[in-house]
Protein chains: 2
Amino acid sequence: MTEAHQGGERGDDIHRIVEAILYLYTESRRVTKQAARHMGLTGPQVSALKVLEAVGDLSLSELSFRMSARNSTITGIVDRMERDGLVVRERSSSDRRVVMIRATEHGKEIARGVPLTSLELFAGALRALHVEDRSALRRILRDLAEHVRAEVEEHEREAPADGDAPP
Amino acid sequence: MTEAHQGGERGDDIHRIVEAILYLYTESRRVTKQAARHMGLTGPQVSALKVLEAVGDLSLSELSFRMSARNSTITGIVDRMERDGLVVRERSSSDRRVVMIRATEHGKEIARGVPLTSLELFAGALRALHVEDRSALRRILRDLAEHVRAEVEEHEREAPADGDAPP
DNA sequence: CTCCGATGTTTCGCACACTGAATATCAGGG
DNA sequence: CCCTGATATTCAGTGTGCGAAACATCGGAG
């Protein structure tokens with residue numbers, strides 16, 4: 001994946017940077033998944049627990065929005081997590097249609113335990129960098145993320161994400 | 001994902017850097033997936049086509065190694081891609097056990113078309129950075145990747161990934 | 001040459017994730 | 001009250017992913 005990118009002098013830096021980011025995230029995901037397996041969880045389950053841990057109880061719709069998935073998908077995931085005692089469903093008293101998803105103590109405990117291995121991987125490597133490199137990296141990535149965010153918004157405006165399905 | 005990380009002064013830089021990388025890759029994956037859907041492809045299929053496009057024909061084992069998946073998984077993916085005319089299987093003449101996977105012209109065309117939206121997203125943002133920031137980023141990320149690679153190797157040595165199953 | 005272990009691929013059974021199309025239930029306005 | 005829209009679930013279908021086992025082939029030992 002290093003050469004063979006027609007022409008390829010101009011975008012050399014860019015190409016290598018993208019490559020490095022892809023590698024770093026792929027590796028992180030692999031390790032997370034493996035760590036999750038050790039505790040009997042799957043990727044989306046860890047993700048759901050982390051969201052619940054961070055922002056508190058959520059309705060199923062809110063949870064699916066935060067996880068960028070459909071309600072029917074999240075229903076299945078919550079089913080399995082409820083089966084395994086990680087979360088509980090509670091019908092809202094104010095609006096009896098909505099179901100609040102709440103992480104159990106067991107679920108929270110696991111959520112706190114799992115992702116550390118993945119973050120520790122980065123943390124260890126980042127600690128090995130010089131201090132000035134760290135702050136430079138932080139600044140550059142922040143700028144980068146901002147540019148990407150802007151481009152994404154513009155991109156979305158042109159090509160909406162199949163949100164409507166008229167009958 | 002910004003607060004709620006017990007204590008959290010020491011690893012501030014680190015935390016934010018990890019956050020940025022996660023954001024960048026998540027965003028890239030989301031956009032890629034969406035673009036892939038538009039052309040009737042899935043994520044792994046795009047990934048496979050990109051690998052084949054980059055390094056040429058590969059055996060099924062080599063392809064599964066590069067995609068970090070098992071042979072049986074890749075068999076299924078290649079099945080569907082062959083069904084859709086994106087790749088062809090060719091038995092090697094030197095070793096009749098191995099099956100070479102080759103992207104068809106149609107497959108290559110689609111591979112060239114799809115990922116651009118995702119890479120362009122990064123490329124555009126990266127071009128907006130100063131030149132010295134780009135080379136600094138490149139150098140830092142390379143160092144970082146190397147550290148992570150080393151840690152992963154060490155980590156694997158302690159906790160092997162269920163690879164052996166003695167009879 | 002024949003047998004036997006190693007290697008490459010596929011098949012099979014299983015579980016999860018994900019989607020879109022119904023469906024049941026509830027909230028609120030006319 | 002009835003209609004509309006929102007919320008959650010169910011269902012059928014596809015894709016992904018794994019491990020165990022079957023299968024073909026290769027390579028070397030005897």
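Treat the numbers as computed from the prediction; the structure is a model and nothing was measured. Quick note on labels: first sequence line is chain A, next is B, and so on, each numbered from 1.
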Using whole Å, what does the distance between atom C1' of nucleotide D/dG17 and atom CZ of B/R80 come to?
10 Å
d(CG, A/L60; P, C/dC18) in whole Å:
13 Å
Roughly how many Å is it from CG in A/L58 to P in D/dT7, rounded to a whole number?
14 Å
More than 12 heavy atoms of other groups within 6.0 Å of A/R89 CZ
yes
Any donor-acceptor pair under 3.5 Å linking the side chain of B/R102 with the backbone of B/D57?
no
Could you tell me the separation between the CG atom of B/D79 and the C1' atom of C/dT9, rounded to a whole number of Å?
11 Å
Ignoring hydrogens, what is the shortest heavy-atom contact between B/A111 and B/L49? Give both atom names and the distance.
CB-CB, 3.7 Å
Are any of B/T73's side-chain N or O atoms less than 4.0 Å away from OP1 or OP2 of D/dC18?
yes
Could you tell me whether B/T75 contacts a base, only the sugar-phosphate backbone, or nothing, with contacts defined as non-hydrogen atoms closer than 4.0 Å?
base
Presence of B/T42 side-chain N/O under 4.0 Å of D/dT14 phosphate oxygens OP1/OP2:
no
Mind listing the closest non-hydrogen atom pair of A/I74 and A/S64 along with its distance?
CG1-CB, 3.2 Å
Using whole Å, report how far CE of B/M81 lies from P of D/dT14.
19 Å
Spell out, yes or no, whether A/L52 and A/M67 are grouped together once hydrophobic residues are joined by side-chain heavy atoms under 4.5 Å, including indirect joins.
yes
Taking only N and O in the side chain of A/R89, is any of them less than 4.0 Å away from OP1 or OP2 of D/dT9?
yes
Does B/D95 reach the main-chain N or O of B/R97 with its side chain, forming a donor-acceptor pair under 3.5 Å?
yes
Starting from A/V46, can I reach A/V55 by hopping between I/L/V/M/F/W/Y residues whose side chains sit under 4.5 Å apart?
yes
Base, sugar-phosphate, or nothing: which does B/S72 touch, judged by heavy atoms less than 4.0 Å apart?
base
Using five pairs at either end of the helix from C/dC1-D/dG30 to C/dG30-D/dC1, determine the angle between the two local helix axes and round it to 10 degrees.
10°
Length of the CE-P vector between B/M67 and D/dG17, whole Å:
7 Å
Would you mind reading off the distance between B/R91 atom CZ and C/dT10 atom C1', rounded to a whole angstrom?
9 Å
Those residues of residues 94-103 of chain B lying under 4.0 Å from DNA chain C by at least one heavy atom:
B/R97, B/V98, B/V99
A/G76 or A/S93, whichever maps to the more 5' nucleotide of DNA chain C:
A/G76
Integer-rounded Å distance: D/dA20 C1' and B/R70 CZ
13 Å
Winner on side-chain proximity to A/N71, out of D/dG15, D/dA8, C/dA17, is D/dA8
Say whether B/M81 and B/I101 are linked into one hydrophobic cluster, either directly or through other cluster members, by side-chain heavy-atom distances under 4.5 angstrom.
yes
Between A/S59 (side chain only) and A/V99 (backbone N and O only), is there a donor and an acceptor less than 3.5 Å apart?
no
Identify whether A/V87 and A/V98 are in the same connected component of the hydrophobic contact network (ILVMFWY, side-chain heavy atoms under 4.5 Å).
no
